[in-house]
Amino acid sequence: MKSIVFLGIGVVAAICLAQQQPKTGLAKPQQKTTAVSSGPVTEREARIVFGKVDSFLLPVVGKMSLEPASMHDSSSPATRDSVARQLWQIFVAAKPHFKFTPNKVAFDRKLLKIDDSEDLANLETLISWGCVAKIGPLAVGPQRSMSIKEFGDAVGFFMARIAQLTHMPQSRWTPMLNDGTGS
């Protein structure tokens, strides 16, 4: 009987000790901050980002090893033309892996501000597939270069669309693809 009482006291003591707050208290997590310049994105920064895009798409389309088009390892500003050219290369590499063809996006061609006729035609295709915002800074921006935020927005918009095009969701969970039977 004594052993049961001691065992009970031991269990209660263990529970009480386990519920005590740590003496150091909870520490507020430190937020990492990154300094963002207000200037245009450089070719070096764009090359780094497109290298990461290549690695993100590796499981989907295999190794692309795309050399960033017209982008050097320099601190000169990346042009909208060169960014659009690189997005076009990624689009062409990923297109064989698209799972569906979306409805084309309507847009006003007169608003686009890309000088080269081939790049303009490629940009029109990217916009019609919904890979580039039809009134975003990449398509209609007032300057030849892009800010870091504009560049990040364009690449993020593009990657979201490529992710959507290369993955077919289950029709059971996607009403748009559901045939009405629910299975």
Side-chain angles (χ1 to χ4, degrees), residues 28-105 107 111-116 118-170 173-174:
K28 186 175 181 180
Q30 297 294 323
Q31 257 189 335
K32 293 180 182 178
T33 57
T34 305
V36 177
S37 76
S38 59
V41 66
T42 64
E43 289 185 348
R44 179 177 297 118
E45 292 166 335
R47 283 178 65 91
I48 291 169
V49 168
F50 285 124
K52 290 182 180 185
V53 166
D54 186 16
S55 67
F56 293 148
L57 290 176
L58 180 65
V60 177
V61 297
K63 187 69 175 158
M64 291 188 297
S65 297
L66 298 175
E67 192 60 32
S70 305
M71 289 186 197
H72 308 288
D73 192 18
S74 71
S75 59
S76 61
T79 63
R80 289 186 301 116
D81 296 17
S82 63
V83 171
R85 206 171 298 126
Q86 183 63 30
L87 293 179
W88 175 253
Q89 283 184 341
I90 296 168
F91 177 82
V92 168
K95 192 171 181 183
H97 304 279
F98 288 176
K99 304 297 184 198
F100 65 97
T101 303
N103 294 332
K104 300 299 180 203
V105 174
F107 62 97
L111 295 176
L112 303 181
K113 295 182 181 176
I114 298 277
D115 298 330
D116 185 58
E118 183 180 345
D119 290 341
L120 181 61
N122 295 342
L123 181 64
E124 288 174 355
T125 303
L126 289 172
I127 293 171
S128 68
W129 278 76
C131 295
V132 172
K134 62 184 178 180
I135 56 170
L138 180 61
V140 299
Q143 299 151 338
R144 287 189 42 79
S145 61
M146 299 173 71
S147 73
I148 292 174
K149 287 183 180 183
E150 292 170 340
F151 175 73
D153 183 58
V155 172
F157 190 95
F158 177 80
M159 290 297 294
R161 185 58 162 179
I162 294 297
Q164 182 184 25
L165 291 171
T166 56
H167 293 84
M168 179 61 78
Q170 291 183 353
W173 308 112
T174 310

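Residues Lys104 and Thr101 approach most closely at NZ-CG2, 4.2 Å, considering heavy atoms. The minimum heavy-atom distance between Ile162 and Cys131, with the atom names listed, is CD1-SG, 4.2 Å. Between Ala84 and Leu126, the shortest heavy-atom distance links the atoms O-CD1, 4.1 Å. Residues Ala139 and Leu123 approach most closely at CA-CD2, 4.0 Å, considering heavy atoms. Nearest heavy atom pair, residue Thr166 against residue Ala94, reads CG2-O, 4.3 Å. In this structure, Arg80 and Gln143 approach most closely via the heavy-atom pair NE-O, 2.5 Å.
Take Asp81 and apply the side chain to side chain donor-acceptor pair (under 3.5 Å) test, not counting sequence neighbours, and it matches no residue. In this structure Trp88 satisfies the ring pair (Phe, Tyr, Trp, His ring centres under 6.0 Å) test together with Phe91, sequence neighbours excluded. For Asn103, the side chain to side chain donor-acceptor pair (under 3.5 Å) criterion is met by no residue, not counting sequence neighbours.
One distance of note links CG of Leu111 with CD1 of Ile127; it measures 9.5 Å at 0.5 Å rounding. Considering CD1 of Ile90 and CG of Asp54, their distance stands at 7.5 Å, rounded to 0.5 Å.
A 4.5 Å side-chain heavy-atom check between Pro77 and Thr42 finds every atom pair outside the cut-off.
At most 12 heavy atoms of other shown residues, nucleotides or ligands fall within 6.0 angstrom of atom NZ in Lys52.
For the salt bridge (Lys or Arg N to Asp or Glu O under 4.0 Å) condition, the pairs that include at least one residue of residues 118-140, sequence neighbours left out, are Arg85-Asp119, Arg109-Glu124.
Within the 3.5 Å criterion, the main-chain N or O of Val83 finds no donor-acceptor partner in the side chain of Gln86.
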Evaluate Leu112 against Phe107 for side chain to side chain contact (heavy atoms under 4.5 Å, CB included), listing each step before the verdict. CA-CA 9 Å; Leu112 303 181; Phe107 62 97; 3.8 Å; yes

With side chain to side chain contact (heavy atoms under 4.5 Å, CB included) as the test, would you mind laying out the steps for Leu138 and Leu87 before giving the verdict? CA-CA 11 Å; Leu138 180 61; Leu87 293 179; 3.5 Å; yes

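Using modelled atom types, one finds no donor on one side chain facing an acceptor on the other under 3.5 Å when comparing Thr125 with Ser128.
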Can you list, pair by pair, the side-chain donor-acceptor contacts under 3.5 Å of residues 150-161, counting residues two or more places apart and other chains?
{"from": "Glu150", "atom 1": "OE1", "to": "Ser147", "atom 2": "N", "distance (Å)": "3.0"}
{"from": "Arg161", "atom 1": "NE", "to": "Trp129", "atom 2": "O", "distance (Å)": "2.9"}
{"from": "Arg161", "atom 1": "NH1", "to": "Gln164", "atom 2": "OE1", "distance (Å)": "2.6"}
{"from": "Arg161", "atom 1": "NH2", "to": "Trp129", "atom 2": "O", "distance (Å)": "3.1"}

